[in-house]
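Right, one structure below, let's go through it.
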There are 2 protein chains.
Amino acid sequence: MREPADILREHGLSITAQRIAVLRAVSHRPHSTADALTEEVRTEIGAVSKQAVYNALGILADKGVIRRIQPAGSPALYEDRAGDNHHHLICRTCGKTVDVDCATGETPCLTASNDAGFRIDEAEVIYWGTCPQCLAAAARG
Amino acid sequence: MREPADILREHGLSITAQRIAVLRAVSHRPHSTADALTEEVRTEIGAVSKQAVYNALGILADKGVIRRIQPAGSPALYEDRAGDNHHHLICRTCGKTVDVDCATGETPCLTASNDAGFRIDEAEVIYWGTCPQCLAAAARG
DNA sequence: CCACTTTCTTGACTCGGTCCACTTTTTCGG
DNA sequence: CCGAAAAAGTGGACCGAGTCAAGAAAGTGG
């Protein structure tokens, strides 16, 4: 990821320590919750309000700089890989989340079998399963 | 859907007025929130506690009788079409939710391009877009 | 450097959902 | 049928994630 300040400038956003730290945190720890990112930001700049973090995450997600994913039964996660509409694979046991590219190409799966007249702009895909570690743990008993 | 009481019996669940009414409500109004279903159940049997509804929805979803979907930014929705792993198409503007069958077959999309060693058991797909009505409304301006 | 806009802070609050202690129903063996 | 024992339901407190709102503190542009 490029310099956080540049990214903010390019999107016409004011440049603040909080936003820069949030961007760094997302980039450094993708697939983290707002809470975890707040922690990370605090270790970097000392203090932030939870609101500032939500604010930054919200506007950055709006601008398409970062991406928000909201898996069922979990708080929202944020990642800096945005704009390529890749998908996610989540472990039901430990919650580990990994990126997956879609087999069908660049802007994948954007065609439903029957679109019912909708204009579709995004296909969100989450694969649920069990990660290798948890599989091994289960096998051991 | 078959007789609610039979369904409950088949899954070894006690037969209660609340559960029957919940099943009927889900069947009658698919893609509803727990709250809306509680309303529906109340008109049918007079009163239920919110807990009883959550309880019934939870256990029925566990048994695979109904399916729970949790779109980003919305409370969970429930539907009685379960077990065929179909997908959903949701309007960003009005929230209308419709079912879509997957183009690729019976148990669709269960293969990620790179499974990272996970054992995948479900592929959850949500198409986001704008429904015909909202498109028309936007065009009128 | 100053006015003005944007952002941050703090703290209350909402919403969806869960927990818990207790009462009511169901179920099932006699 | 009847009467435990088990399963569900009730009501109310509670929780976590996220939002709202008002005032304080930057950032921005002339």
Side-chain angles (χ1 to χ4, degrees), chain A residues 3-23 25-26 31-42 44-63 65-66 68-78 95, chain B residues 3-26 31-42 44-63 65-66 68-78 95 97:
Chain A
E3 267 309 296
D6 295 340
I7 297 173
L8 292 173
R9 215 180 333 262
E10 278 164 29
H11 289 88
L13 299 168
S14 301
I15 294 158
T16 69
Q18 292 86 341
R19 284 177 178 172
I20 290 174
V22 166
L23 263 175
V26 172
H31 306 142
S32 295
T33 61
D35 222 55
L37 293 168
T38 303
E39 285 297 299
E40 180 99 2
V41 168
R42 287 202 175 126
E44 197 178 338
I45 63 172
V48 235
S49 65
K50 129 178 121 156
Q51 191 56 44
V53 175
Y54 277 108
N55 237 335
L57 291 171
I59 200 158
L60 291 169
D62 278 1
K63 298 285 183 182
V65 177
I66 63 178
R68 174 198 278 127
I69 56 180
Q70 286 174 250
S74 146
L77 307 178
Y78 297 86
Chain B
E3 269 307 297
D6 295 340
I7 297 173
L8 293 172
R9 217 182 331 262
E10 278 164 28
H11 288 88
L13 299 169
S14 301
I15 293 158
T16 69
Q18 290 87 341
R19 282 178 180 171
I20 290 173
V22 166
L23 263 175
R24 287 235 170 79
V26 172
H31 305 144
S32 296
T33 61
D35 223 53
L37 293 168
T38 303
E39 284 300 297
E40 180 98 3
V41 168
R42 287 204 174 124
E44 198 177 338
I45 62 171
V48 235
S49 64
K50 131 176 118 155
Q51 191 55 44
V53 175
Y54 277 108
N55 238 333
L57 291 172
I59 200 156
L60 291 169
D62 278 1
K63 298 285 184 183
V65 176
I66 63 178
R68 175 197 280 128
I69 56 179
Q70 285 174 250
S74 147
L77 307 178
Y78 298 85
T97 303

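Chain A is the first sequence line, chain B the second, and so forth, proteins listed ahead of strands; every chain is numbered from 1.
The closest side-chain heavy-atom distance from B:S14 to B:L8 is not below 4.5 Å. The side-chain heavy atoms of A:V22 and A:I66, taken from C-beta on, include no pair separated by under 4.5 Å. A 4.5 Å side-chain heavy-atom check between B:V41 and B:I45 finds at least one atom pair inside the cut-off.
Across the protein-nucleic acid pair, B:L13 atom CG and D:dG9 atom P stand 10 Å apart, rounded to whole Å. Rounded to whole Å, atom P of D:dA26 lies 12 Å from atom CD1 of A:I45. Atom pair A:L77:CG and D:dG18:P shows a separation of 9 Å (rounding to whole Å applied). For the pair B:D35 CG and C:dC15 P, the interatomic distance rounds to 10 Å; values are reported in whole Å. For the pair B:L37 CG and C:dG17 P, the computed distance is 11 Å after rounding to whole Å. Atom pair A:R19:CZ and C:dT6:C1' shows a separation of 8 Å (rounding to whole Å applied). We find that CG of B:L8 is positioned 12 Å from P of C:dT26, with the value rounded to whole Å.
B:Y54 OH to B:L37 CG: the interatomic distance, rounded to the nearest 0.5 Å, is 10.0 Å. Note that CG of A:D62 and CG of A:L57 are 11.0 Å apart. Values are rounded to the nearest 0.5 Å.
In this structure a side-chain-to-backbone donor-acceptor pair under 3.5 Å is present from B:R42 to B:V48.
Contacts between residues 51-63 of chain A and DNA chain C, counted as heavy-atom distances below 4.0 Å, involve A:Q51, A:A52.
Here B:E10 does not pair with B:K63 in a salt bridge; the nearest charged N to carboxylate O distance is not below 4.0 Å.
Both B:A34 and B:S14 lie near DNA chain C, and the one whose nearest nucleotide falls closer to the 5' end is B:A34. Where B:T16 and B:T33 meet DNA chain C, the nucleotide closest to each residue was compared, and B:T33 sits on the side nearer the 5' end.
At C:dT9, one or more side-chain N or O atoms of A:S49 fall inside 4.0 Å of OP1 or OP2 (strictly under the cut-off). Dashed line: the shortest gap from a side-chain N or O of B:Q18 to OP1 or OP2 of D:dT10 is under 4.0 Å.
If you check distances only, the side chain of B:K50 never reaches the base of D:dG11 with a donor-acceptor pair under 3.5 Å.
Look at D:dG30: its Watson-Crick or wobble partner, with both distances under 3.5 angstrom, is C:dC1.
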